[in-house]
Amino acid sequence: LLWAFCATPTSLTENDSVSPACLTEAGVRAIGGPAPSLNASTPDDSCSLFGPDTPPGQVRPRDPDVTGGYFQPIRTRAGSITAFGFERVLCDLPNAPAAVTLQFNQQYVANRNPAPPTIAVTVAGAQADFGDLSVGSHVSFRVSWSAADAESYVVFDTASESVVPARESMRVSWFASNGSFDADRTGRDDNDTTTYTDNGWNAPGNPSVVHLWVVLRDSRGGVSFVSDDLTVK
């Protein structure tokens, strides 16, 4: 994998998460590689390129997401395949009174990644074994996380110009090397305190070993994952 920070913001006429310029070498800052993973410092100008601190005379400041956050796009390439990830950055509050900014800075808790979730599997309502699943069966998976993983935090409400409490929503993305899921993504809204989500999977019609992995994300960009092998007989 070759890694790079996107260094070109989208224009007001573009409706994409990443500017097409970041597909070119002129539109990014190289981090390094080839390597499966790298450590790098977030660029100092992330909040001006992708946040609310747009320099005077430039395009209007970026809008935060529903959690009040901004994100630095990161590009990775493996041969002809290109993908982007988004690293959350903490920027100053836009147009907030000084007292509100002070309150926000005192109360805000930085996001942390959720712990790796657990997976349970059942078939026809009975607990099943990952290593003993039947060809063509419909399997039910349950992914669970800790109540502490859906963190509480504060956000700046621009309408009232005040700091208000919020809670993270949780989303699970499902992947398998064979078979098919009932849904690609499941999860819980920020007002739902349930700490698990369910999904069904149709096992392939031939004996095989299937690699399963699920990715757990919170709405502020925290991520963890867990994987296992399923033996279909």
Engineer: Could you tell me the separation between the CG atom of Leu90 and the SG atom of Cys47, rounded to the nearest 0.5 Å?
Structural biologist: 7.0 Å
Engineer: Applying the 4.5 Å side-chain criterion to the ILVMFWY set and letting contacts propagate, would Val172 and Val215 be lumped into a single cluster?
Structural biologist: no
Engineer: A side-chain contact here means heavy atoms from C-beta on lying under 4.5 Å apart; do Trp145 and Thr195 qualify?
Structural biologist: yes
Engineer: Mind checking side chain to side chain donor-acceptor pair (under 3.5 Å) for Arg77 and listing every partner two or more places apart, or none if nothing turns up?
Structural biologist: Glu25, Thr82
Engineer: Contact between Arg88 and Asp65 at the side-chain level, heavy atoms closer than 4.5 Å - yes or no?
Structural biologist: yes
Engineer: To the nearest 0.5 Å, what is the distance between OG1 (Thr118) and OH (Tyr196)?
Structural biologist: 12.5 Å
Engineer: Are the side chain of Arg167 and the backbone N or O of Asn191 linked by a donor-acceptor pair below 3.5 Å?
Structural biologist: no
Engineer: Counting N and O atoms only, with roles assigned by atom type, does the side chain of Ser224 sit under 3.5 Å from a partner on the main chain of Pro114, one being a donor and the other an acceptor?
Structural biologist: yes
Engineer: In this structure, are over 12 heavy atoms from other groups packed under 6.0 Å from Phe86 atom CZ?
Structural biologist: yes
Engineer: Give a yes or no on whether the backbone of Leu1 and the side-chain of Thr76 come within a donor-acceptor separation of less than 3.5 Å.
Structural biologist: no
Engineer: Tell me, with the steps shown, if Val139 and Phe130 meet side chain to side chain contact (heavy atoms under 4.5 Å, CB included).
Structural biologist: CA-CA 10 Å; Val139 179; Phe130 278 64; over 6 Å; no
Engineer: Would you check if the side chain of Arg75 reaches a backbone N or O of Cys22 as a donor-acceptor pair within less than 3.5 Å?
Structural biologist: yes
Engineer: Considering non-hydrogen atoms only, spot the tightest contact between Glu161 and Pro97 and give its length.
Structural biologist: OE1-CG, 3.8 Å
Engineer: Could you check whether any side-chain N or O of Thr67 sits under 3.5 Å from a backbone N or O of Arg220, counting only pairs where one atom can act as donor and the other as acceptor?
Structural biologist: no
Engineer: Hey, quick one: are Val18 and Leu23 part of the same hydrophobic cluster, counting side-chain heavy atoms closer than 4.5 Å, chains of contacts allowed?
Structural biologist: yes
Engineer: Centre of Phe225's six-membered ring, under 6.0 Å away, within 45 degrees of the axis: is that where NZ or CZ of Arg217 sits?
Structural biologist: no
Engineer: With rounding to the nearest 0.5 Å, note down the distance linking CD in Glu151 to CG in Asn111.
Structural biologist: 5.0 Å
Engineer: Phe181 vs Trp174 aromatic rings, parallel, tilted or perpendicular, using cut-offs 30° and 60°?
Structural biologist: tilted
Engineer: Is the side chain of Asn113 donor-acceptor paired with the backbone N or O of Val223 at a distance under 3.5 Å, no angle test?
Structural biologist: yes
Engineer: Which heavy atom of Gly33 sits nearest to which heavy atom of Leu2, and what is that distance?
Structural biologist: C-CD2, 3.6 Å
Engineer: Counting heavy atoms not belonging to Asn95, are there more than 12 under 6.0 Å from its CG?
Structural biologist: no
Engineer: Show the nearest heavy-atom pair for residues Leu133 and Trp201, with the distance to one decimal.
Structural biologist: CD1-CZ3, 4.2 Å
Engineer: Testing Asp229, Asp228, Asn178 one by one against His211 for a side chain to side chain donor-acceptor pair (under 3.5 Å), which residue passes?
Structural biologist: Asp229
Engineer: Hey, any chance Val89 and Phe5 share a hydrophobic cluster, counting ILVMFWY side chains that come within less than 4.5 Å of each other, even indirectly?
Structural biologist: no
Engineer: Does any part of the side chain of Pro204, heavy atoms only, come nearer than 4.5 Å to the side chain of Val210, both counted from C-beta?
Structural biologist: yes
Engineer: Check step by step if side chain to side chain contact (heavy atoms under 4.5 Å, CB included) holds for Phe50 and Tyr70.
Structural biologist: CA-CA 7 Å; Phe50 305 103; Tyr70 302 90; 5.6 Å; no
Engineer: Any chance you could measure Thr10, atom OG1, to Leu49, atom CG, to the nearest 0.5 Å?
Structural biologist: 10.5 Å
Engineer: Distance-only, no hydrogens or angles: does the Asp192 side chain make a donor-acceptor pair with backbone N or O of Thr194 under 3.5 Å?
Structural biologist: yes
Engineer: Considering non-hydrogen atoms only, spot the tightest contact between Val214 and Pro117 and give its length.
Structural biologist: CG2-CG, 4.4 Å
Engineer: To the nearest 0.5 Å, what is the distance between CD1 on Ile31 and OG on Ser41?
Structural biologist: 10.0 Å
Engineer: Which heavy atom of Arg29 sits nearest a heavy atom of Asp45, and at what distance?
Structural biologist: NH2-OD2, 2.6 Å
Engineer: If you measure from CZ on Arg112 to CG on Asp218, what distance do you get to the nearest 0.5 Å?
Structural biologist: 8.5 Å
Engineer: What pair of heavy atoms forms the shortest contact from Pro207 to Val135, and how long is it?
Structural biologist: N-CG2, 3.8 Å
Engineer: Any donor-acceptor pair under 3.5 Å linking the side chain of Asp149 with the backbone of Ser146?
Structural biologist: yes
Engineer: Taking Phe141's backbone N and O only, do any of them form a donor-acceptor pair with Asn199's side chain (distance below 3.5 Å, no angle check)?
Structural biologist: no
Engineer: Heavy atoms, side chains only, cut-off 4.5 Å: are Val163 and Val100 in contact?
Structural biologist: yes
Engineer: Answer whether the closest heavy-atom distance between the side chains of Asn202 and Asp182 falls below 4.5 Å.
Structural biologist: yes
Engineer: Does Asp44, at its CG atom, have more than 12 non-hydrogen atoms belonging to other residues, nucleotides or ligands within less than 6.0 Å?
Structural biologist: no
Engineer: Would a hydrophobic clustering, with Ile, Leu, Val, Met, Phe, Trp and Tyr connected at side-chain separations under 4.5 Å, put Val121 with Val143?
Structural biologist: yes
Engineer: Quick check on the hydrophobic clustering: are Met170 and Val155 connected, directly or via other members, by side-chain heavy-atom contacts under 4.5 Å?
Structural biologist: no
